[in-house]
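Working notes for the structure below.
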There are 2 protein chains.
Amino acid sequence: MSETNADDIDAADGTAEQADSGTANEAIMEATYRALRTHGAADLSVQAIADEFDKSKSLIFYHYDSREDLLSSFLAYLLENFKNRVAASEITDPVTQLDGLIDSLLYGPDDNESFQIAMLELRSQAPFNEAYRDQFRRNRAYVHRLTARVIDCGIDDGVFAPVDPDYIATLLLTMIDGARLQLVVLGDETILDTTRAAIDDRLDETLFAEQTPSD
Amino acid sequence: MSETNADDIDAADGTAEQADSGTANEAIMEATYRALRTHGAADLSVQAIADEFDKSKSLIFYHYDSREDLLSSFLAYLLENFKNRVAASEITDPVTQLDGLIDSLLYGPDDNESFQIAMLELRSQAPFNEAYRDQFRRNRAYVHRLTARVIDCGIDDGVFAPVDPDYIATLLLTMIDGARLQLVVLGDETILDTTRAAIDDRLDETLFAEQTPSD
DNA sequence: ACTGGTTAACTAGATAGTTAGTGAGTGAGA
DNA sequence: TCTCACTCACTAACTATCTAGTTAACCAGT
(Lines give C-alpha, C1' and ligand atoms only; values in the text may rest on other atoms or scores of the structure.)
Protein backbone atom coordinates (compact mmCIF):
# COMPACT_ATOMS: atom_id res chain seq x y z
CA MET A 1 0.00 0.00 0.00
CA SER A 2 1.21 3.52 -0.72
CA GLU A 3 1.01 6.47 1.63
CA THR A 4 -1.79 8.12 -0.25
CA ASN A 5 -4.60 5.93 -1.39
CA ALA A 6 -7.75 4.49 0.14
CA ASP A 7 -8.23 7.08 2.84
CA ASP A 8 -8.29 9.92 0.39
CA ILE A 9 -10.87 8.06 -1.60
CA ASP A 10 -12.95 7.49 1.50
CA ALA A 11 -12.83 11.21 2.18
CA ALA A 12 -13.62 12.06 -1.43
CA ASP A 13 -16.93 10.29 -0.92
CA GLY A 14 -17.71 9.74 -4.57
CA THR A 15 -18.21 13.41 -5.42
CA ALA A 16 -14.59 14.48 -5.71
CA GLU A 17 -12.97 17.02 -8.03
CA GLN A 18 -13.01 19.88 -5.56
CA ALA A 19 -9.85 19.49 -3.47
CA ASP A 20 -6.54 19.72 -5.28
CA SER A 21 -5.03 16.85 -3.36
CA GLY A 22 -7.88 14.47 -4.09
CA THR A 23 -8.00 15.21 -7.79
CA ALA A 24 -4.81 13.37 -8.72
CA ASN A 25 -5.83 10.09 -7.12
CA GLU A 26 -9.33 10.41 -8.47
CA ALA A 27 -7.98 11.12 -11.93
CA ILE A 28 -5.70 8.12 -11.77
CA MET A 29 -8.55 5.89 -10.65
CA GLU A 30 -10.71 7.09 -13.51
CA ALA A 31 -7.87 6.62 -15.95
CA THR A 32 -7.38 3.11 -14.59
CA TYR A 33 -11.03 2.37 -15.15
CA ARG A 34 -10.83 3.52 -18.74
CA ALA A 35 -7.58 1.67 -19.34
CA LEU A 36 -9.00 -1.54 -17.90
CA ARG A 37 -11.92 -1.30 -20.27
CA THR A 38 -9.77 -0.86 -23.32
CA HIS A 39 -6.78 -3.05 -22.47
CA GLY A 40 -8.07 -5.61 -20.01
CA ALA A 41 -6.18 -6.28 -16.80
CA ALA A 42 -3.64 -8.90 -17.78
CA ASP A 43 -1.68 -6.83 -20.22
CA LEU A 44 -2.47 -3.48 -18.74
CA SER A 45 0.76 -1.54 -18.56
CA VAL A 46 1.22 1.42 -16.30
CA GLN A 47 2.00 3.38 -19.44
CA ALA A 48 -1.42 2.51 -20.82
CA ILE A 49 -3.03 3.98 -17.71
CA ALA A 50 -0.88 7.09 -18.01
CA ASP A 51 -2.01 7.45 -21.62
CA GLU A 52 -5.58 7.67 -20.37
CA PHE A 53 -4.97 10.90 -18.55
CA ASP A 54 -2.86 13.97 -19.21
CA LYS A 55 -0.05 13.28 -16.77
CA SER A 56 3.01 11.11 -17.04
CA LYS A 57 3.63 7.53 -16.03
CA SER A 58 6.10 8.67 -13.40
CA LEU A 59 3.34 10.46 -11.56
CA ILE A 60 1.58 7.18 -11.05
CA PHE A 61 4.65 5.79 -9.33
CA TYR A 62 4.82 8.97 -7.33
CA HIS A 63 1.34 8.33 -5.97
CA TYR A 64 1.45 4.53 -5.80
CA ASP A 65 4.25 2.25 -4.77
CA SER A 66 3.75 -0.24 -7.55
CA ARG A 67 1.41 -1.41 -10.22
CA GLU A 68 -0.02 -3.88 -7.74
CA ASP A 69 -0.60 -1.15 -5.19
CA LEU A 70 -2.38 0.89 -7.84
CA LEU A 71 -4.67 -1.93 -8.84
CA SER A 72 -5.60 -3.00 -5.34
CA SER A 73 -6.30 0.63 -4.50
CA PHE A 74 -8.51 0.66 -7.54
CA LEU A 75 -10.46 -2.29 -6.15
CA ALA A 76 -10.96 -0.42 -2.89
CA TYR A 77 -12.11 2.60 -4.88
CA LEU A 78 -14.66 0.44 -6.68
CA LEU A 79 -16.07 -0.87 -3.43
CA GLU A 80 -16.44 2.66 -2.08
CA ASN A 81 -18.22 3.69 -5.24
CA PHE A 82 -20.57 0.76 -4.96
CA LYS A 83 -21.26 1.53 -1.31
CA ASN A 84 -22.07 5.12 -2.19
CA ARG A 85 -24.38 4.03 -4.93
CA VAL A 86 -26.16 1.68 -2.56
CA ALA A 87 -26.37 4.34 0.14
CA ALA A 88 -27.89 6.74 -2.36
CA SER A 89 -30.55 4.31 -3.52
CA GLU A 90 -33.98 4.69 -2.06
CA ILE A 91 -35.19 2.29 0.56
CA THR A 92 -38.34 0.53 -0.47
CA ASP A 93 -40.03 -2.70 0.55
CA PRO A 94 -37.87 -5.83 0.82
CA VAL A 95 -39.38 -7.48 -2.25
CA THR A 96 -38.56 -4.55 -4.53
CA GLN A 97 -35.19 -4.10 -2.87
CA LEU A 98 -34.16 -7.73 -3.32
CA ASP A 99 -35.40 -7.66 -6.87
CA GLY A 100 -33.37 -4.56 -7.64
CA LEU A 101 -30.30 -5.94 -5.93
CA ILE A 102 -30.39 -9.16 -7.93
CA ASP A 103 -30.86 -7.22 -11.13
CA SER A 104 -28.02 -4.85 -10.45
CA LEU A 105 -25.66 -7.67 -9.49
CA LEU A 106 -26.65 -9.79 -12.44
CA TYR A 107 -26.97 -7.21 -15.19
CA GLY A 108 -25.04 -4.30 -13.72
CA PRO A 109 -23.66 -2.44 -11.98
CA ASP A 110 -21.44 -1.48 -14.88
CA ASP A 111 -23.37 -1.61 -18.05
CA ASN A 112 -20.48 -2.57 -20.24
CA GLU A 113 -18.93 -6.00 -20.56
CA SER A 114 -15.30 -5.12 -21.10
CA PHE A 115 -15.02 -3.94 -17.55
CA GLN A 116 -16.43 -7.21 -16.27
CA ILE A 117 -13.83 -9.01 -18.30
CA ALA A 118 -11.10 -6.98 -16.66
CA MET A 119 -12.51 -7.71 -13.23
CA LEU A 120 -12.46 -11.41 -13.97
CA GLU A 121 -8.84 -11.10 -14.98
CA LEU A 122 -8.06 -9.43 -11.69
CA ARG A 123 -9.99 -12.06 -9.82
CA SER A 124 -7.95 -14.74 -11.49
CA GLN A 125 -4.87 -13.07 -10.04
CA ALA A 126 -6.28 -13.00 -6.52
CA PRO A 127 -4.80 -16.38 -5.61
CA PHE A 128 -1.32 -14.99 -6.20
CA ASN A 129 -1.88 -11.63 -4.61
CA GLU A 130 -3.06 -11.17 -1.08
CA ALA A 131 -3.97 -7.52 -1.55
CA TYR A 132 -6.32 -8.35 -4.41
CA ARG A 133 -7.76 -11.29 -2.54
CA ASP A 134 -8.47 -9.20 0.52
CA GLN A 135 -10.20 -6.59 -1.55
CA PHE A 136 -12.37 -9.15 -3.28
CA ARG A 137 -13.19 -10.73 0.06
CA ARG A 138 -14.21 -7.35 1.43
CA ASN A 139 -16.29 -6.72 -1.63
CA ARG A 140 -17.99 -10.08 -1.43
CA ALA A 141 -18.58 -9.77 2.31
CA TYR A 142 -20.25 -6.41 1.79
CA VAL A 143 -22.58 -7.64 -0.93
CA HIS A 144 -23.35 -10.74 1.07
CA ARG A 145 -24.26 -8.76 4.17
CA LEU A 146 -26.35 -6.43 2.06
CA THR A 147 -28.30 -9.30 0.53
CA ALA A 148 -28.77 -11.12 3.80
CA ARG A 149 -29.99 -7.95 5.47
CA VAL A 150 -32.65 -7.39 2.83
CA ILE A 151 -33.84 -10.96 3.21
CA ASP A 152 -33.87 -10.59 6.96
CA CYS A 153 -35.98 -7.46 6.71
CA GLY A 154 -38.42 -9.31 4.51
CA ILE A 155 -38.72 -12.07 7.07
CA ASP A 156 -39.32 -9.58 9.84
CA ASP A 157 -41.97 -7.89 7.75
CA GLY A 158 -43.60 -11.24 7.17
CA VAL A 159 -43.38 -11.06 3.37
CA PHE A 160 -40.71 -13.77 3.21
CA ALA A 161 -40.87 -17.21 4.74
CA PRO A 162 -38.47 -17.77 7.65
CA VAL A 163 -35.41 -19.03 5.77
CA ASP A 164 -31.73 -18.76 6.60
CA PRO A 165 -30.73 -15.38 5.09
CA ASP A 166 -27.05 -16.30 4.92
CA TYR A 167 -27.77 -19.50 3.07
CA ILE A 168 -30.06 -17.84 0.55
CA ALA A 169 -27.62 -14.99 0.06
CA THR A 170 -24.77 -17.41 -0.61
CA LEU A 171 -26.92 -19.31 -3.04
CA LEU A 172 -27.94 -16.18 -4.91
CA LEU A 173 -24.43 -14.82 -5.18
CA THR A 174 -23.10 -18.18 -6.32
CA MET A 175 -25.63 -18.36 -9.13
CA ILE A 176 -24.98 -14.77 -10.13
CA ASP A 177 -21.22 -15.36 -10.16
CA GLY A 178 -21.64 -18.47 -12.25
CA ALA A 179 -23.84 -16.69 -14.72
CA ARG A 180 -21.53 -13.72 -15.13
CA LEU A 181 -18.57 -16.04 -15.56
CA GLN A 182 -20.30 -17.81 -18.38
CA LEU A 183 -21.36 -14.57 -19.99
CA VAL A 184 -17.86 -13.18 -19.88
CA VAL A 185 -15.91 -16.29 -20.80
CA LEU A 186 -18.20 -17.84 -23.38
CA GLY A 187 -20.10 -14.77 -24.46
CA ASP A 188 -23.36 -16.57 -23.76
CA GLU A 189 -25.90 -13.75 -23.86
CA THR A 190 -28.81 -15.99 -22.88
CA ILE A 191 -27.39 -17.04 -19.53
CA LEU A 192 -28.41 -13.93 -17.61
CA ASP A 193 -32.09 -14.25 -18.38
CA THR A 194 -32.06 -17.99 -17.77
CA THR A 195 -30.37 -17.46 -14.43
CA ARG A 196 -32.74 -14.69 -13.51
CA ALA A 197 -35.63 -17.05 -14.20
CA ALA A 198 -33.97 -19.81 -12.17
CA ILE A 199 -33.46 -17.43 -9.27
CA ASP A 200 -37.10 -16.38 -9.41
CA ASP A 201 -38.17 -20.03 -9.44
CA ARG A 202 -35.95 -20.71 -6.49
CA LEU A 203 -37.18 -17.74 -4.50
CA ASP A 204 -40.79 -18.66 -5.23
CA GLU A 205 -40.13 -22.03 -3.63
CA THR A 206 -38.35 -20.69 -0.58
CA LEU A 207 -38.93 -17.04 0.25
CA PHE A 208 -42.49 -16.95 -1.02
CA ALA A 209 -43.40 -20.50 -0.05
CA GLU A 210 -46.61 -21.11 1.82
CA GLN A 211 -45.74 -22.27 5.28
CA THR A 212 -47.01 -25.82 5.22
CA PRO A 213 -44.95 -27.78 7.75
CA SER A 214 -45.49 -31.39 6.69
CA ASP A 215 -44.86 -33.01 10.05
CA MET B 1 -3.25 -23.93 -34.58
CA SER B 2 -0.13 -25.86 -35.39
CA GLU B 3 0.14 -28.74 -37.78
CA THR B 4 0.55 -31.28 -35.06
CA ASN B 5 -1.77 -31.07 -32.16
CA ALA B 6 -5.27 -32.18 -31.39
CA ASP B 7 -5.44 -35.05 -33.83
CA ASP B 8 -2.38 -36.75 -32.43
CA ILE B 9 -3.88 -36.44 -28.99
CA ASP B 10 -7.09 -37.97 -30.24
CA ALA B 11 -5.10 -40.89 -31.56
CA ALA B 12 -3.05 -41.17 -28.38
CA ASP B 13 -6.29 -41.99 -26.59
CA GLY B 14 -5.10 -41.12 -23.12
CA THR B 15 -2.67 -44.03 -22.81
CA ALA B 16 0.23 -42.70 -24.82
CA GLU B 17 3.98 -43.15 -24.42
CA GLN B 18 4.33 -45.93 -26.95
CA ALA B 19 4.74 -44.24 -30.35
CA ASP B 20 7.77 -42.02 -30.84
CA SER B 21 5.79 -39.35 -32.67
CA GLY B 22 3.10 -39.12 -30.06
CA THR B 23 5.49 -39.02 -27.12
CA ALA B 24 6.78 -35.51 -27.74
CA ASN B 25 3.36 -33.90 -27.81
CA GLU B 26 2.22 -35.95 -24.87
CA ALA B 27 5.33 -35.00 -22.92
CA ILE B 28 4.83 -31.33 -23.72
CA MET B 29 1.21 -31.50 -22.63
CA GLU B 30 2.21 -33.11 -19.35
CA ALA B 31 4.95 -30.58 -18.83
CA THR B 32 2.43 -27.84 -19.51
CA TYR B 33 0.13 -29.31 -16.92
CA ARG B 34 2.89 -29.34 -14.32
CA ALA B 35 4.06 -25.85 -15.26
CA LEU B 36 0.52 -24.49 -15.00
CA ARG B 37 0.22 -25.91 -11.52
CA THR B 38 3.43 -24.36 -10.30
CA HIS B 39 3.42 -21.04 -12.19
CA GLY B 40 -0.20 -20.32 -12.98
CA ALA B 41 -1.22 -19.34 -16.50
CA ALA B 42 -0.74 -15.60 -16.54
CA ASP B 43 2.99 -15.55 -16.07
CA LEU B 44 3.69 -18.94 -17.52
CA SER B 45 6.64 -18.59 -19.84
CA VAL B 46 7.43 -21.11 -22.51
CA GLN B 47 10.76 -21.51 -20.78
CA ALA B 48 8.98 -22.58 -17.61
CA ILE B 49 7.22 -25.31 -19.56
CA ALA B 50 10.49 -26.40 -21.10
CA ASP B 51 12.01 -26.60 -17.63
CA GLU B 52 9.36 -29.15 -16.74
CA PHE B 53 10.63 -31.69 -19.20
CA ASP B 54 14.06 -32.67 -20.42
CA LYS B 55 14.00 -30.98 -23.79
CA SER B 56 14.65 -27.41 -24.80
CA LYS B 57 12.32 -24.47 -25.26
CA SER B 58 13.04 -24.43 -28.99
CA LEU B 59 11.51 -27.85 -29.33
CA ILE B 60 8.21 -26.49 -28.10
CA PHE B 61 8.23 -23.94 -30.93
CA TYR B 62 9.13 -26.72 -33.28
CA HIS B 63 5.95 -28.56 -32.33
CA TYR B 64 3.68 -25.58 -31.77
CA ASP B 65 3.41 -22.34 -33.69
CA SER B 66 3.17 -20.12 -30.66
CA ARG B 67 2.55 -20.03 -26.97
CA GLU B 68 -1.10 -19.43 -27.71
CA ASP B 69 -1.25 -22.44 -30.00
CA LEU B 70 0.35 -24.54 -27.29
CA LEU B 71 -2.12 -23.49 -24.64
CA SER B 72 -5.20 -23.89 -26.76
CA SER B 73 -3.95 -27.32 -27.80
CA PHE B 74 -3.57 -28.04 -24.13
CA LEU B 75 -7.22 -27.17 -23.59
CA ALA B 76 -8.18 -29.59 -26.33
CA TYR B 77 -5.99 -32.21 -24.71
CA LEU B 78 -7.80 -31.68 -21.42
CA LEU B 79 -11.18 -32.14 -23.02
CA GLU B 80 -10.03 -35.40 -24.62
CA ASN B 81 -8.76 -36.61 -21.29
CA PHE B 82 -12.06 -35.79 -19.67
CA LYS B 83 -13.97 -37.54 -22.43
CA ASN B 84 -11.85 -40.63 -21.99
CA ARG B 85 -12.38 -40.63 -18.27
CA VAL B 86 -16.13 -40.32 -18.77
CA ALA B 87 -16.13 -43.05 -21.38
CA ALA B 88 -14.23 -45.32 -19.00
CA SER B 89 -16.65 -44.80 -16.15
CA GLU B 90 -19.26 -47.44 -15.55
CA ILE B 91 -22.79 -46.81 -16.57
CA THR B 92 -25.16 -47.10 -13.69
CA ASP B 93 -28.62 -45.79 -12.94
CA PRO B 94 -29.34 -42.11 -13.72
CA VAL B 95 -29.55 -41.11 -10.06
CA THR B 96 -26.07 -42.41 -9.22
CA GLN B 97 -24.72 -41.11 -12.49
CA LEU B 98 -26.02 -37.59 -11.97
CA ASP B 99 -24.79 -37.64 -8.41
CA GLY B 100 -21.31 -38.69 -9.48
CA LEU B 101 -21.24 -36.16 -12.29
CA ILE B 102 -22.12 -33.30 -9.97
CA ASP B 103 -19.51 -34.43 -7.49
CA SER B 104 -16.78 -34.74 -10.06
CA LEU B 105 -17.59 -31.34 -11.56
CA LEU B 106 -17.84 -29.67 -8.19
CA TYR B 107 -15.00 -31.30 -6.30
CA GLY B 108 -12.93 -32.73 -9.11
CA PRO B 109 -11.94 -33.68 -11.63
CA ASP B 110 -8.47 -32.53 -10.67
CA ASP B 111 -7.92 -32.93 -7.01
CA ASN B 112 -5.60 -30.01 -6.62
CA GLU B 113 -6.55 -26.37 -6.54
CA SER B 114 -3.58 -24.77 -8.25
CA PHE B 115 -4.65 -26.25 -11.54
CA GLN B 116 -8.11 -24.81 -11.16
CA ILE B 117 -6.54 -21.44 -10.55
CA ALA B 118 -4.60 -21.75 -13.77
CA MET B 119 -7.74 -22.72 -15.64
CA LEU B 120 -9.52 -19.65 -14.33
CA GLU B 121 -6.64 -17.54 -15.55
CA LEU B 122 -6.98 -19.06 -18.98
CA ARG B 123 -10.72 -18.52 -18.93
CA SER B 124 -10.17 -14.89 -18.13
CA GLN B 125 -8.15 -14.66 -21.32
CA ALA B 126 -10.85 -16.26 -23.43
CA PRO B 127 -12.50 -12.93 -24.28
CA PHE B 128 -9.29 -11.85 -25.99
CA ASN B 129 -8.50 -15.12 -27.65
CA GLU B 130 -10.84 -16.89 -29.99
CA ALA B 131 -8.97 -20.18 -29.83
CA TYR B 132 -9.29 -20.35 -26.06
CA ARG B 133 -12.91 -19.27 -26.20
CA ASP B 134 -13.76 -21.95 -28.73
CA GLN B 135 -12.10 -24.59 -26.62
CA PHE B 136 -13.97 -23.52 -23.53
CA ARG B 137 -17.21 -23.47 -25.49
CA ARG B 138 -16.56 -26.98 -26.73
CA ASN B 139 -15.76 -28.08 -23.23
CA ARG B 140 -18.86 -26.51 -21.79
CA ALA B 141 -21.05 -27.86 -24.57
CA TYR B 142 -19.77 -31.37 -23.94
CA VAL B 143 -20.40 -31.26 -20.21
CA HIS B 144 -23.79 -29.69 -20.79
CA ARG B 145 -24.84 -32.40 -23.22
CA LEU B 146 -23.55 -35.05 -20.84
CA THR B 147 -25.56 -33.66 -17.96
CA ALA B 148 -28.70 -33.14 -20.00
CA ARG B 149 -28.46 -36.70 -21.35
CA VAL B 150 -28.26 -38.18 -17.87
CA ILE B 151 -31.29 -36.19 -16.81
CA ASP B 152 -33.12 -37.24 -19.93
CA CYS B 153 -32.39 -40.89 -19.19
CA GLY B 154 -33.74 -40.44 -15.71
CA ILE B 155 -36.94 -38.99 -17.07
CA ASP B 156 -37.31 -41.84 -19.52
CA ASP B 157 -36.75 -44.32 -16.69
CA GLY B 158 -39.41 -42.58 -14.68
CA VAL B 159 -37.11 -41.82 -11.74
CA PHE B 160 -37.02 -38.09 -12.54
CA ALA B 161 -40.00 -35.82 -12.98
CA PRO B 162 -40.48 -34.54 -16.54
CA VAL B 163 -38.41 -31.37 -16.43
CA ASP B 164 -36.51 -29.57 -19.16
CA PRO B 165 -33.09 -31.29 -19.13
CA ASP B 166 -31.36 -28.35 -20.80
CA TYR B 167 -32.66 -25.90 -18.27
CA ILE B 168 -31.69 -28.05 -15.29
CA ALA B 169 -28.26 -28.71 -16.79
CA THR B 170 -27.65 -25.00 -17.32
CA LEU B 171 -28.74 -24.31 -13.78
CA LEU B 172 -26.46 -26.97 -12.34
CA LEU B 173 -23.42 -25.89 -14.30
CA THR B 174 -24.01 -22.26 -13.42
CA MET B 175 -24.08 -23.04 -9.72
CA ILE B 176 -21.02 -25.26 -9.98
CA ASP B 177 -19.12 -22.56 -11.87
CA GLY B 178 -20.09 -19.96 -9.33
CA ALA B 179 -18.99 -22.14 -6.46
CA ARG B 180 -15.63 -23.00 -8.00
CA LEU B 181 -15.02 -19.37 -8.78
CA GLN B 182 -15.57 -18.43 -5.18
CA LEU B 183 -13.39 -21.26 -3.97
CA VAL B 184 -10.54 -20.30 -6.23
CA VAL B 185 -10.73 -16.51 -5.91
CA LEU B 186 -11.61 -16.14 -2.25
CA GLY B 187 -10.33 -19.46 -0.96
CA ASP B 188 -13.70 -20.13 0.60
CA GLU B 189 -13.51 -23.83 1.50
CA THR B 190 -17.09 -24.00 2.72
CA ILE B 191 -18.70 -22.99 -0.55
CA LEU B 192 -18.51 -26.42 -2.19
CA ASP B 193 -20.47 -28.20 0.51
CA THR B 194 -22.99 -25.39 0.74
CA THR B 195 -23.48 -25.46 -3.00
CA ARG B 196 -23.76 -29.23 -3.03
CA ALA B 197 -26.51 -28.96 -0.42
CA ALA B 198 -28.27 -26.25 -2.42
CA ILE B 199 -28.13 -28.38 -5.53
CA ASP B 200 -29.60 -31.33 -3.67
CA ASP B 201 -32.38 -29.12 -2.33
CA ARG B 202 -33.06 -27.87 -5.78
CA LEU B 203 -33.11 -31.32 -7.35
CA ASP B 204 -35.41 -32.61 -4.60
CA GLU B 205 -37.89 -29.93 -5.57
CA THR B 206 -37.68 -30.52 -9.31
CA LEU B 207 -36.33 -33.89 -10.40
CA PHE B 208 -37.71 -35.80 -7.45
CA ALA B 209 -40.88 -33.77 -7.04
CA GLU B 210 -44.15 -35.59 -6.76
CA GLN B 211 -46.19 -34.85 -9.82
CA THR B 212 -49.03 -32.80 -8.40
CA PRO B 213 -50.30 -30.58 -11.21
CA SER B 214 -52.27 -27.91 -9.41
CA ASP B 215 -54.66 -26.93 -12.18
C1' DA C 1 22.38 -37.24 -48.95
C1' DC C 2 18.41 -36.31 -46.71
C1' DT C 3 15.00 -35.90 -43.13
C1' DG C 4 13.18 -35.09 -38.50
C1' DG C 5 14.10 -34.02 -33.95
C1' DT C 6 16.83 -31.14 -31.33
C1' DT C 7 19.61 -27.31 -29.56
C1' DA C 8 22.36 -22.93 -28.19
C1' DA C 9 22.55 -18.50 -29.12
C1' DC C 10 20.50 -14.65 -30.54
C1' DT C 11 17.01 -10.72 -31.70
C1' DA C 12 13.61 -7.54 -30.82
C1' DG C 13 10.27 -5.58 -28.16
C1' DA C 14 8.03 -4.64 -24.03
C1' DT C 15 7.64 -2.87 -19.37
C1' DA C 16 8.13 -2.05 -14.10
C1' DG C 17 10.48 0.77 -11.61
C1' DT C 18 14.42 4.40 -10.74
C1' DT C 19 16.92 8.55 -10.99
C1' DA C 20 17.89 12.97 -11.17
C1' DG C 21 16.01 16.83 -11.99
C1' DT C 22 12.48 21.05 -12.93
C1' DG C 23 9.46 24.51 -11.46
C1' DA C 24 5.79 26.47 -8.84
C1' DG C 25 4.38 27.59 -4.52
C1' DT C 26 4.92 28.44 0.69
C1' DG C 27 6.53 30.03 4.96
C1' DA C 28 10.15 32.17 7.92
C1' DG C 29 13.35 35.41 8.93
C1' DA C 30 15.73 39.91 7.87
C1' DT D 1 9.02 43.23 0.92
C1' DC D 2 12.65 40.37 -0.45
C1' DT D 3 14.80 35.99 -0.50
C1' DC D 4 16.39 31.63 1.01
C1' DA D 5 15.27 27.00 2.14
C1' DC D 6 12.30 23.70 1.50
C1' DT D 7 8.48 20.84 -0.24
C1' DC D 8 5.19 19.01 -3.39
C1' DA D 9 3.62 17.67 -7.89
C1' DC D 10 5.48 16.31 -11.74
C1' DT D 11 8.53 14.63 -15.75
C1' DA D 12 12.02 12.78 -19.35
C1' DA D 13 15.19 9.62 -19.82
C1' DC D 14 17.17 5.69 -18.46
C1' DT D 15 18.09 0.79 -16.61
C1' DA D 16 17.40 -3.81 -15.90
C1' DT D 17 15.00 -7.64 -16.92
C1' DC D 18 12.07 -10.70 -19.03
C1' DT D 19 10.29 -13.36 -22.83
C1' DA D 20 8.22 -14.87 -27.48
C1' DG D 21 9.96 -16.25 -31.35
C1' DT D 22 13.97 -17.00 -34.96
C1' DT D 23 18.09 -18.79 -36.94
C1' DA D 24 21.51 -21.63 -38.17
C1' DA D 25 23.49 -25.53 -37.20
C1' DC D 26 24.10 -30.36 -35.30
C1' DC D 27 23.32 -35.24 -35.29
C1' DA D 28 21.25 -39.84 -35.72
C1' DG D 29 18.94 -42.94 -38.48
C1' DT D 30 17.61 -44.44 -43.11
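Residue numbers begin at 1 in each chain, while the letters A, B, ... track the order of the sequences.
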I need the [atom1]-[atom2] distance between [X] and [N], as an integer number of Å.
| X | N | atom1 | atom2 | value |
| --- | --- | --- | --- | --- |
| B:Lys55 | C:dA8 | NZ | C1' | 16 Å |
| A:Asp51 | D:dT11 | CG | C1' | 14 Å |
| B:Asp54 | C:dG5 | CG | P | 16 Å |
| A:Ile60 | C:dT15 | CD1 | P | 13 Å |

Quick one: list whatever passes side chain to side chain contact (heavy atoms under 4.5 Å, CB included) with [X], sequence neighbours left out.
| X | answer |
| --- | --- |
| A:Ser45 | A:Gln47, A:Ala48 |
| A:Thr174 | A:Thr170, B:Ala179, B:Gln182, B:Ile191, B:Thr195 |
| B:Tyr132 | B:Glu68, B:Leu71, B:Ser72, B:Leu75, B:Leu122, B:Gln125, B:Ala126, B:Asn129, B:Phe136 |

Practice task
Mark yes or no for whether B:Arg138, through its side chain, and B:Leu79, through its backbone, hold a donor-acceptor pair below 3.5 Å.
Solution key: no
Exercise for the section: Verify the contact: side-chain N or O of A:His63 to OP1 or OP2 of D:dC8, cut-off strictly under 4.0 Å; return yes or no. Expected result: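 Checking D:dC8 against A:His63, no side-chain N or O comes under 4.0 Å of OP1 or OP2.
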Problem - side-chain N/O A:Tyr62 vs D:dC10 OP1/OP2, d < 4.0 Å - result: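 No, A:Tyr62 has no side-chain N/O under 4.0 Å of OP1/OP2 on D:dC10.
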Side-chain donor-acceptor contacts of residues 149-156 of chain A below 3.5 Å, not counting sequence neighbours, with atom names and distances?
none

Filtered N/O pairs between nucleotides 18-24 of chain D and protein, under 3.5 Å:
unit_1: D:dA20; atom_1: OP2; unit_2: B:Val46; atom_2: N; d: 3.0
unit_1: D:dG21; atom_1: OP2; unit_2: B:Arg67; atom_2: N; d: 2.8
unit_1: D:dG21; atom_1: N7; unit_2: B:Lys57; atom_2: NZ; d: 3.3
unit_1: D:dG21; atom_1: O6; unit_2: B:Lys57; atom_2: NZ; d: 2.7

Fill in the blank from the handout: Applied to residues 92-102 of chain A, the side-chain hydrogen bond (donor to acceptor under 3.5 Å, both in side chains) test, sequence neighbours excluded, yields A:Asp93-A:Thr96, A:Asp99-A:Arg196
